[in-house]
A.B. asks: 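Okay, handing you the structure first.
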Amino acid sequence: MISAQAWADARLLWDYHRMHHDPRPCSVAVGLGSHDLGVADVTAELFRQGMAPVIVFTGATSPTTRSRMPRGEAVHYRERALQLGVPDSAVFVEPRATNTGENIEFTKTLLSEAGIEVSAVLLVSKPYEERRSYAMMRKLWAEVEVVCASTPMSLEKYADSIGDAHMVIDMIVGALQRVLVFPGWDLAVEQDVPDVIVTAYERLCAEGFTGRLLPADVAARPGG
């Protein structure tokens, strides 16, 4: 059972992770690969709304996605987008990235090689990955504007859609740890993390929601 306090703390982190940006037209929509096909659904819907003329889906596989997306996250996302009516000519696939830093770097290279000029990126991710992905984009692709988007859903409904609430809270906690430590690794810009968020994060760690945390020796490594 997940306690009422854990749910309350997870909701605090859930809301903090979301950037609450209003979608607007950008040069490209980038869907970050993951276990969640909802990222492809949101990206396709934003394309249909005219928010971007082209899409890049980026991602290989991970331990979480290897069985459910054997052809790779980006490939499965593309297939989903085509099912939803996005034309094949509008979709690029970047199939090699295994982490968010590679998602960003490999996407930059792909778009440059395709001759697509980018001034603003509509960055589509899982809801609890918005802030971390934004912070990494501001560091690793600082010359472009970044507009974040994700599935507009409450934590409870999202957890129901995934089918594993404990895993979702683990991931929310892991994402917050990365917001805290990645600036020291020169992978992300600093984000203001209110004390109430840090306290909720620490309570969730103490309750055992640690499945997606970086090991202590890794998290404590010096920047560079």
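Computed from a predicted model, the values in this text were never measured in an experiment. Counting from 1, the numbers follow the sequence of the chain as shown.
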A.B. asks: Measure the CD-CG distance between E130 and L123 for me, rounded to the nearest 0.5 Å.
C.D. replies: 8.5 Å
A.B. asks: Kindly determine whether E207 and S3 satisfy side chain to side chain donor-acceptor pair (under 3.5 Å), including the steps that lead there.
C.D. replies: CA-CA 9 Å; E207 286 208 33; S3 70; 3.3 Å; yes
A.B. asks: Under the side-chain hydrogen bond (donor to acceptor under 3.5 Å, both in side chains) rule, collect the residues that match up with T107, sequence neighbours excluded.
C.D. replies: none
A.B. asks: Among C148, S133, S125, P127, which residue satisfies the side-chain contact (heavy atoms from CB on, under 4.5 Å) criterion with M19?
C.D. replies: C148
A.B. asks: Is a side-chain donor or acceptor of T43 paired with a backbone partner of V39 at a separation under 3.5 angstrom?
C.D. replies: yes
A.B. asks: Keeping the roles fixed (side chain from E94, backbone from R96), state whether a donor-acceptor pair exists under 3.5 Å.
C.D. replies: yes
A.B. asks: Could you walk me through whether V91 and V54 pass the side-chain contact (heavy atoms from CB on, under 4.5 Å) check?
C.D. replies: CA-CA 6 Å; V91 183; V54 294; over 6 Å; no
A.B. asks: Do V179 and V146 belong to the same hydrophobic cluster, where Ile, Leu, Val, Met, Phe, Trp and Tyr are linked whenever their side-chain heavy atoms lie under 4.5 Å apart, directly or via other members?
C.D. replies: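 Yes, V179 and V146 fall within the same hydrophobic cluster.
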A.B. asks: Does a side-chain heavy-atom distance below 4.5 Å link L187 with V181?
C.D. replies: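 Of all side-chain heavy-atom pairs linking V181 with L187, none is under 4.5 Å.
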A.B. asks: When rounded to the nearest 0.5 angstrom, what is the spacing between CD1 in I104 and NZ in K139?
C.D. replies: 12.0 Å
A.B. asks: Show your reasoning for whether side-chain contact (heavy atoms from CB on, under 4.5 Å) applies to R71 and E79.
C.D. replies: CA-CA 10 Å; R71 294 182 298 284; E79 291 169 354; 2.7 Å; yes
A.B. asks: Just do the salt bridge (charged side-chain N to carboxylate O under 4.0 Å, His left out) check on E190 and R138 with the steps written out, would you?
C.D. replies: CA-CA 10 Å; E190 293 275 359; R138 298 307 305 138; over 6 Å; no
A.B. asks: Hey, does the side chain of T210 reach the backbone of L213 with a donor-acceptor pair shorter than 3.5 angstrom?
C.D. replies: no
A.B. asks: Count the heavy atoms belonging to other residues, nucleotides or ligands that lie under 6.0 Å from CG of D195, then report whether that count exceeds 12.
C.D. replies: no
A.B. asks: Out of curiosity, L82 CG to R78 CZ, how far, rounded to the nearest 0.5 Å?
C.D. replies: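 One finds 4.5 Å between CG of L82 and CZ of R78.
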A.B. asks: Residues two or more places apart in sequence or in another chain: which of them pass ring-ring contact (aromatic ring centres under 6.0 Å, His included) with Y201?
C.D. replies: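 With sequence neighbours excluded, Y201 shows a ring-ring contact (aromatic ring centres under 6.0 Å, His included) to no residue whatsoever.
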A.B. asks: Does any part of the side chain of L13, heavy atoms only, come nearer than 4.5 Å to the side chain of D15, both counted from C-beta?
C.D. replies: no
A.B. asks: Quick one: are L214 and R178 in side-chain contact, heavy atoms under 4.5 Å?
C.D. replies: yes
A.B. asks: Can you list the residues that meet the ring-ring contact (aromatic ring centres under 6.0 Å, His included) rule with Y134, with sequence neighbours excluded?
C.D. replies: H21
A.B. asks: Take I169 and L204, measure what side-chain contact (heavy atoms from CB on, under 4.5 Å) needs, and give me the verdict at the end.
C.D. replies: CA-CA 8 Å; I169 298 178; L204 288 167; 4.1 Å; yes
A.B. asks: What pairs with R68 under salt bridge (Lys or Arg N to Asp or Glu O under 4.0 Å), at least two apart in sequence or on another chain?
C.D. replies: none
A.B. asks: Classify the angle between the aromatic ring planes of Y128 and W14 as parallel (below 30°), tilted (30 to 60°) or perpendicular (above 60°).
C.D. replies: tilted
A.B. asks: Got a second to check how far D164's CG is from M171's CE, nearest 0.5 Å?
C.D. replies: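 One finds 8.5 Å between CG of D164 and CE of M171.
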A.B. asks: So, the side chain of S27 versus the backbone of S119: is there a donor-acceptor pair under 3.5 Å, distance only?
C.D. replies: yes
A.B. asks: In terms of hydrophobic clustering (I, L, V, M, F, W, Y; side-chain heavy atoms under 4.5 Å; direct or indirect links), are L122 and I55 co-clustered?
C.D. replies: yes
A.B. asks: Can you find a heavy atom in the side chain of V75 that is under 4.5 Å from one in the side chain of M69?
C.D. replies: no
A.B. asks: Test of understanding: clusters of I, L, V, M, F, W, Y form through side-chain heavy atoms closer than 4.5 Å, transitively. Do Y77 and I162 belong to the same one?
C.D. replies: no
A.B. asks: Let me check something: do F57 and V147 share a hydrophobic cluster, defined by ILVMFWY side-chain heavy atoms less than 4.5 Å apart, either directly or through other members?
C.D. replies: yes
A.B. asks: For a 4.5 angstrom cut-off between non-hydrogen side-chain atoms, does M167 reach H35?
C.D. replies: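 A side-chain contact exists here, since the closest heavy-atom pair is under 4.5 Å.
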A.B. asks: Using the test ring-ring contact (aromatic ring centres under 6.0 Å, His included), find all partners of W141 that sit at least two apart in sequence or belong to another chain.
C.D. replies: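 Checked W141 against ring-ring contact (aromatic ring centres under 6.0 Å, His included); zero matches.
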A.B. asks: With a 4.5 Å heavy-atom cut-off, do T100 and N103 have their side chains touching?
C.D. replies: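 Heavy-atom side-chain distance check passes, below 4.5 Å.
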A.B. asks: If I compare all heavy atoms of A74 with all of P95, which pair ends up nearest, and what's the gap?
C.D. replies: CB-CA, 4.5 Å
A.B. asks: Atom CG of L140 and atom CD of E105: how far apart are they, to the nearest 0.5 Å?
C.D. replies: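 Answer rounded to 0.5 Å: 5.5 Å.
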A.B. asks: Report yes or no: does S161 contribute a side-chain atom to a donor-acceptor pair with the main-chain N or O of Y158 at less than 3.5 Å?
C.D. replies: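 Checking the backbone N and O of Y158 against the side chain of S161, a donor-acceptor pair under 3.5 Å is found.
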A.B. asks: Could you report the tightest heavy-atom contact between I2 and A6, atom names first, then the distance?
C.D. replies: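 Looks like CG2-CB, 3.7 Å.
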A.B. asks: Would you say E117 has more than 12 foreign heavy atoms packed within less than 6.0 Å of its CD?
C.D. replies: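 Open.
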A.B. asks: Nearest heavy-atom pair of A120 and C26: which atoms, and what distance?
C.D. replies: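 Taking every non-hydrogen atom into account, O-CB, 3.4 Å.
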A.B. asks: Can you tell me if R80 uses its side chain to pair, donor with acceptor, with the backbone of L37 under 3.5 Å?
C.D. replies: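 No: the side chain of R80 does not pair with the backbone of L37.
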A.B. asks: How would you list, by chain and number, every residue that makes a ring-ring contact (aromatic ring centres under 6.0 Å, His included) with F209, sequence neighbours excluded?
C.D. replies: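 Once residues adjacent in sequence are excluded, the partners of F209 under the ring-ring contact (aromatic ring centres under 6.0 Å, His included) criterion are H166.
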A.B. asks: Answer yes or no: is there a donor N or O on one side and an acceptor on the other, between the side chain of R131 and the main chain of A175, under 3.5 Å?
C.D. replies: no
A.B. asks: Would V144 and M137 satisfy side-chain contact (heavy atoms from CB on, under 4.5 Å), going step by step from the backbone distance to the final call?
C.D. replies: CA-CA 8 Å; V144 302; M137 282 284 291; 4.1 Å; yes
A.B. asks: Establish, for the pair R132 and F182, whether the NZ or CZ atom is under 6.0 angstrom from the six-membered ring centre and no further than 45 degrees off its axis.
C.D. replies: no
A.B. asks: Should I116 and L46 be counted in the same cluster of Ile, Leu, Val, Met, Phe, Trp and Tyr side chains packed under 4.5 Å apart?
C.D. replies: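 They do not share one cluster, since no chain of ILVMFWY contacts under 4.5 Å joins I116 to L46.
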A.B. asks: CG of D36 to OG1 of T151: how many Å apart, nearest 0.5 Å?
C.D. replies: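 Atom-to-atom, D36:CG and T151:OG1 are 5.5 Å apart.
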A.B. asks: Could you go through the salt bridge (charged side-chain N to carboxylate O under 4.0 Å, His left out) check for D9 and R203 one step at a time?
C.D. replies: CA-CA 8 Å; D9 288 337; R203 277 197 298 260; 2.7 Å; yes
